[in-house]
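Proteins get letters first, then strands, A, B, ... in listed order; numbering begins at 1 in each.
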Amino acid sequence: MNPETTDATPSLPTGTDDQPIPANRLRSKDLLGIAELSVEEISLILDTAVAMKEIASRPIKKVPALRGKTVVNLFFEASTRTRTSFEIAEKRLSADTLNIVAGTSSVVKGETLADTVHNIEAMSPDLLVVRHSSSGSCHFLSRICRAGVINAGDGMHEHPTQALLDAFTIRERKQRLAGLKVAICGDLLHSRVLRSNVLLLTKMGADVWLCGPPTLVPTGFARSGVHITSSVDEAVEGADAVMMLRIQLERMLGGYFPSLREYFNVFGMTPERVRRAKPDVLIMHPGPMNRGVEIASEVADGPYSVILDQVANGVAVRMAVLYLLSGGAEHEAVA
Amino acid sequence: MPVVMDADRMSRTLTRIAHEIVERNRGLDRLALVGVRTRGVPIASRLALRLREITGQDVPVGALDITLYRDDLMHHPVGPQPLVRSTDIPFSIDDRVIVLVDDVLYTGRTVRAALDELIDFGRPKSIQLVVIVDRGHRELPIKADYVGKNLPTSHTESVAVRLAETDGCDEVIIEKMTGEDAE
């Protein structure tokens, strides 16, 4: 994108907005998706996360920044990893946290999403972290909520904090994103992680290659300036980072490919295939992994694997997002 | 824009403070410098160089970003959050004499935040404070142990310490604040 200028003046955004955006704030009270973020906002989140990561190495892993703020984690869909990561991030920032999981809430009694959220809002939370199986549910909530809404995964739409932590992990190792070849392999059709990653990596100037069975390639990605192939070897050739996507076994009843074994043989990441990539390639996976389906155990546990770094970085990135959004947006300045 | 300290004077001030640190602590055993971001960090590094020239001993240097400990973080009217930069203290502070370094001492609120943050890293033997300029107007019971220059000011003025590392030259200047900056 914009080359570094020699002086300290913030560069103009490259997006469609006509207002210059100072690089020290997010424009919205919400984090709904990568689509809404400018290059400067993404860089701000990643830079803030660098500072947040250090907190995990302190004897007392807690800072008072969000003291007195209430964060509600509202999960209408099963998630252990993301919810745990958000909860640890909130606690490290001294926020008061509350978890509401769909199976135990009044959702099972027939309450609508809007009613559930209005009831929670009546208790004055500052931020809502929402996961829901319907695409667009977070956008809907952001319009009816005063509190900031953070999308922790909505249907097949976006999972912005996952893409941010993936980018953070790559940038931490490679010091940049622009110009890197990133291959993303697996179920391209059902993956919100993929959608957010494609948006983020292309915005930041990476060369993105997607690879999966033709039955699991959605139309539309061709327009976003990425390469699409059904050859893993071609996708991985010379790659700086390879992201494996989970084959979502619960969504595989549609007969997208003949068998898991055949999938592994044609698309699975094996040590032989990894050798086609750069010697310092990063192997990534958003979890949970299906060993022997999309990724061989030797690869998942190999020296180039940064899968556990991704988990650690997820906390830092989520702390950055929570911190940056906790000031609220200016238009709701009621104090 | 009167210059109240030029490069020459600043250099001699830092040398004098380094001698005071050695004198007061009777040596540098178990002593470490921690600079408060932004300008406290290069000042701490310069003090470490001088301490080595005087005693031949190396003193560890750390950097502290106090943003997440600010007392106005969640009190200001809603709006953008201040930028956070990395804290980097690559040594244990337990049982050490920590010399905290900042450029200007004013209300004392930054030092309060720095003390709270430091204590989260361990239990130092003691904490001492170095500032280049003490401009008065304390709002908390905080006092510096080593002061470059006492500079009586009014609230409508601002004191800027400029350093070669961050600003291209070494000097301390007083500026009149205009409009909304003057609270």
Side-chain angles (χ1 to χ4, degrees), chain A residues 7-8 10 21-29 40-41 43-70 92-96 126-127 146-148 316 319-335, chain B residues 32 34-39 41 61-96 98 109-124 160 162-163 165-169 180:
Chain A
D7 58 10
I21 304 155
N24 68 343
R25 53 169 297 223
L26 303 181
R27 288 166 299 172
S28 169
K29 72 176 174 68
E40 286 75 15
E41 288 174 310
S43 299
L44 172 65
I45 294 170
L46 299 182
D47 290 345
T48 306
V50 173
M52 295 298 180
K53 186 167 181 180
E54 179 270 329
I55 294 167
S57 64
R58 298 185 185 182
I60 296 178
K61 300 188 245 316
K62 199 177 180 79
V63 295
L66 262 63
R67 227 153 36 94
K69 295 278 173 182
T70 306
R92 295 228 167 121
L93 291 169
S94 303
D96 296 311
D126 298 284
L127 288 167
R146 257 186 54 102
M319 286 171 77
V321 169
L322 289 160
Y323 169 73
L324 291 168
L325 291 178
S326 62
E330 272 154 13
H331 69 265
E332 49 151 6
V334 202
Chain B
V34 173
V36 178
R37 285 199 191 274
T38 308
R39 291 182 182 74
V41 179
V61 181
L64 198 64
D65 183 273
I66 58 99
T67 311
L68 297 169
Y69 285 73
R70 280 170 62 151
D71 60 6
D72 58 351
L73 205 51
M74 291 298 152
H75 292 271
H76 58 76
V78 279
Q81 295 283 43
L83 286 180
V84 188
R85 280 154 308 160
S86 292
T87 289
D88 180 21
I89 301 183
F91 47 85
S92 164
I93 71 165
D94 285 337
D95 298 318
R96 273 189 204 271
I98 299 297
R109 288 174 191 270
T110 300
V111 174
R112 194 284 310 165
L115 293 175
D116 277 357
E117 183 162 14
L118 267 181
I119 299 299
D120 280 355
F121 279 84
R123 189 173 186 278
R162 294 183 174 163
L163 299 171
E165 294 91 330
T166 51
D167 315 281
C169 67
E180 61 199 44

Atom CG of B:Leu68 and atom CZ of A:Arg92: how far apart are they, to the nearest 0.5 Å? 13.5 Å
Looking at side-chain heavy atoms only, is the closest gap between B:Thr87 and A:Arg58 below 4.5 Å? yes
Looking at B:Asp88, B:Asp65, B:Val84, which one has more heavy-atom pairs under 4.5 Å with chain A than the rest? B:Val84
Chain B contact via A:Lys61 - side chain, backbone, both or neither, heavy atoms under 4.5 Å: neither
Any idea which of A:Ala320, A:Gly68, A:Pro64, A:Pro59 has the most non-hydrogen atom pairs under 4.5 angstrom with chain B? A:Pro64
Per-residue contact mode, A:Leu66 against chain B (heavy atom under 4.5 angstrom): both
Residues B:Ser86 and A:Ala51: closest non-hydrogen pair is OG-CA, 3.5 Å
Region of B:Ser92 in contact with chain A, defined by heavy-atom distances below 4.5 Å: neither
Could you grab the distance from atom CG of B:Asp71 to atom CZ of A:Arg67, nearest 0.5 Å is fine? 9.5 Å
Straight-line distance of B:Gln81 CD to A:Leu322 CG, nearest 0.5 Å: 11.0 Å
